[in-house]
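Quick notes on the structure that follows.
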Amino acid sequence: MKTTILLVEDQKELRDGLQVLLRGLHIDVLSAVNGQEAVDIMEKMDVDILLADVVMPVMDGISLLDWVVKKRLDTVVILLTAYGDIDQAVTAIKKGAYDYLTKPIDIPRLENTIKRAQEKRELMLENRMLKKSLNENTFKSIVGMSDEVKILLDKIRQYAPIDTNILITGETGVGKDMIAGVIHSLSPRSSKPFIKVSCAALPETLLESELFGFEKGSFTGAGYSKKGRFEIADGGTILLNEVESLSLPIQAKLLRVIEEKNFERIGGEKTLKADVRIISTANKDLMALVDEGAFREDLYYRLKVLCLDVPPLRERSGDIPLLLHHFLALYSKTFKKNLKGFTKDAVRALCEYSWPGNVRELQHFVESITIDVNGSVIRKSDIPSHILIGGMPKEKKLTFEPGTPLFEMEKEAILHTLRLTGGNKSKTAELLGIGLKTLYRKLSDTPLSK
Ligand SMILES: Nc1ncnc2c1ncn2[C@@H]1O[C@H](COP(=O)(O)OP(=O)(O)OP(=O)(O)O)[C@@H](O)[C@H]1O
Ligand SMILES: [Mg+2]
């Protein structure tokens with residue numbers, strides 16, 4: 001593959017001379033006379049190596065380097081600095097330049113630097129490919145084929161690269177954390193930290209120091225200084241779980257982080273910059289809290305620039321069989337079991353259940369049933385009774401007119417429960433609160449045995 005170098009130099013003679021030299025090395029050369037022209041070119045195409053002068057009119061080499069770093073481009077940057085200006089060179093390297101060359105240019109050194117830069121670029125591209133396939137796998141970790149999940153996946157793909165805040169809403173266990181993680185790994189911030197904070201788990205003062213950090217001596221017991229989550233997440237993504245439980249003072253601080261992109265540690269003088277994307281999750285209706293005055297309206301709109309609502313599992317029951325098989329395969333392997341699947345009526349019963357704890361509840365259910373069951377399939381009779389009962393459709397529930405003979409009611413209750421448990425007599429007895437022997441006796445009694 002032929003390398004493309006973008007040469008940015010305001011002095012015409014040097015520019016022309018370098019162009020000839022580089023073309024002699026079988027390199028495609030594009031040229032620009034200042035940083036701004038270079039930006040215009042790089043907005044349109046992917047450049048392998050950027051060879052740029054530092055001192056230029058309009059936009060200098062350091063600002064150009066800043067732009068490349070901010071854009072997270074995989075372009076290798078080499079700067080041309082004035083002879084003896086070591087400070088400039090150090091600044092450039094610190095900011096992310098690959099190397100620097102001093103003027104006047106030493107040709108063998110230039111050739112050597114370009115060769116190493118080409119190798120570096122190849123590594124970067126390989127990494128990019130690896131990351132892409134990793135991202136595809138991350139994406140595939142969200143199991144589901146229902147229309148609801150397809151719409152959600154489309155939105156995730158669309159929103160992930162846009163560097164703005166996202167609010168994810170949905171009931172407990174629907175996959176909000178998981179989705180936030182996928183968004184981070186598909187975003188340009190993926191190589192930077194992904195930091196989770198549970199806003200509901202800590203009391204206000206602890207949460208404040210957790211988020212923003214503190215300086216030594218800022219409060220009783222602060223015998224050392226500590227970085228906050230915003231500092232640790234620098235350049236990456238912060239996930240604020242259960243954002244609805246933030247107190248109003250912390251909401252005010254958070255608003256400032258978003259609006260001014262900076263903050264101070266508790267007791268700190270120095271203003272620190274906050275370069276983070278905020279993903280927040282809420283399982284309550286945040287707008288209702290805004291109406292009650294418990295959540296700041298300005299913050300609400302800052303957090304939900306983009307929003308995703310994850311539907312509860314009962315509204316996409318078509319995904320249940322897929323999820324059951326996904327987790328069964330996972331746990332069969334983990335627990336070295338030879339479970340092949342679920343019987344049809346077991347799947348039907350599980351699809352009828354409302355899963356109030358959503359995917360998390362389903363996952364735990366499959367985990368424990370994988371441990372408990374020893375055969376090769378999971379049957380309806382293996383399913384715990386609370387799931388079977390919870391899944392019983394309303395029209396199948398029993399109703400009796402006043403005055404119905406007790407034996408009739410008993411008969412209906414027994415037959416019904418037997419159907420429900422797939423004919424499992426011990427489970428039926430357990431559900432009815434009678435012993436197994438009593439059940440057998442009742443079953444052999446004339447009114448039931450027909
Ligand atoms: N579509 C899915 N495919 C595979 N696994 C999923 C899916 N949705 C959720 N899970 C799994 O379910 C579990 C719960 O998900 P997660 O923690 O993301 O839920 P949550 O919405 O953040 O819940 P909470 O509101 O309680 O924090 C996790 O183990 C997650 O991996
Ligand atoms: Mg969560």
Side-chain angles (χ1 to χ4, degrees), residues 134-157 159-160 165-187 194-202 207 210 229 233 237-246 277-286 288-289 303-304 306-335 342 347 350-351 353-371 387:
L134 213 72
N135 285 344
E136 273 309 307
N137 286 336
T138 319
F139 203 70
K140 280 185 199 141
S141 64
I142 304 177
V143 177
M145 285 288 278
S146 61
D147 287 345
E148 288 83 353
V149 168
K150 281 186 193 149
I151 293 171
L152 201 65
L153 293 179
D154 281 346
K155 280 198 181 161
I156 293 172
R157 234 186 244 283
Y159 291 174
N165 297 341
I166 302 189
L167 175 68
I168 308 177
T169 53
E171 288 177 11
T172 182
V174 286
K176 298 185 293 296
D177 264 64
M178 181 190 198
I179 290 170
V182 171
I183 291 175
H184 171 75
S185 57
L186 293 177
S187 81
F194 174 58
I195 303 292
K196 293 187 189 184
V197 182
S198 173
C199 302
L202 296 172
L207 180 63
E210 190 67 24
R229 298 297 179 107
T237 309
I238 197 161
L239 172 62
L240 300 179
N241 265 325
E242 293 171 89
V243 75
E244 71 273 9
S245 51
L246 288 181
R277 178 189 205 178
I278 302 174
I279 302 183
S280 21
T281 72
N283 43 35
K284 292 210 187 83
D285 184 4
L286 259 191
L289 293 182
L303 292 175
K304 63 158 282 185
L306 300 173
C307 63
L308 288 172
D309 184 46
V310 192
L313 192 54
R314 65 181 170 280
E315 284 175 19
R316 45 180 165 118
S317 52
D319 290 333
I320 293 174
L322 267 178
L323 285 162
L324 288 171
H325 287 102
H326 166 74
F327 289 121
L328 186 70
L330 179 77
Y331 291 118
S332 287
K333 211 165 148 197
T334 311
F335 302 120
F342 296 79
V347 173
L350 293 168
C351 286
Y353 179 55
S354 63
W355 300 104
N358 293 293
V359 184
R360 182 183 294 114
E361 185 187 359
L362 184 145
Q363 179 174 355
H364 288 164
F365 156 75
V366 179
E367 182 180 9
S368 58
I369 209 157
T370 311
I371 298 171
I387 291 185

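Values reported hereafter were calculated over all heavy atoms of this structure, with side chains retained and with hydrogens, waters and symmetry mates removed. In each ligand, atom 1 is the first atom listed, and ligand 1 is the first ligand listed. Treat the numbers as computed from the prediction; the structure is a model and nothing was measured.
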Quick check: does any side chain N or O of [X] sit under 3.5 Å from a backbone N or O of [Y], one acting as donor and the other as acceptor?
X      : Y      : answer
Asp319 : Met145 : yes
Trp355 : Pro312 : no
Arg316 : Val149 : no

First-shell residues of ligand 1 [heavy atom, distance under 4.0 Å]
Ser141, Ile142, Val143, Glu171, Thr172, Gly173, Val174, Gly175, Lys176, Asp177, Met178, Asn283, Leu323, Phe327, Val359, Arg360, Gln363
Between atom CD of Glu367 and atom CD1 of Ile369, what is the distance when rounded to the nearest 0.5 Å?
12.0 Å
Inter-residue atom distance Ile151.CD1 - Leu308.CG, 0.5 Å rounding
12.0 Å
Atoms listed for the Mg ion (ligand 2) (protein only, N, O or S, under 2.8 Å, no waters) are Asp177 OD1
Sequence neighbours left out, what pairs pass salt bridge (charged side-chain N to carboxylate O under 4.0 Å, His left out) with at least one residue falling in residues 171-186?
Glu171-Arg314, Asp177-Lys196
What I want to check is whether the side chains of Asn283 and Thr172 have a donor and an acceptor closer together than 3.5 Å.
no
My understanding is that only residues two or more places apart in sequence, or in another chain, count here; which of them pass side chain to side chain donor-acceptor pair (under 3.5 Å) with Glu361?
Tyr353
Evaluate the side-chain proximity of Ile278 to Val243: yes if any heavy-atom separation is below 4.5 Å, no if none is.
no
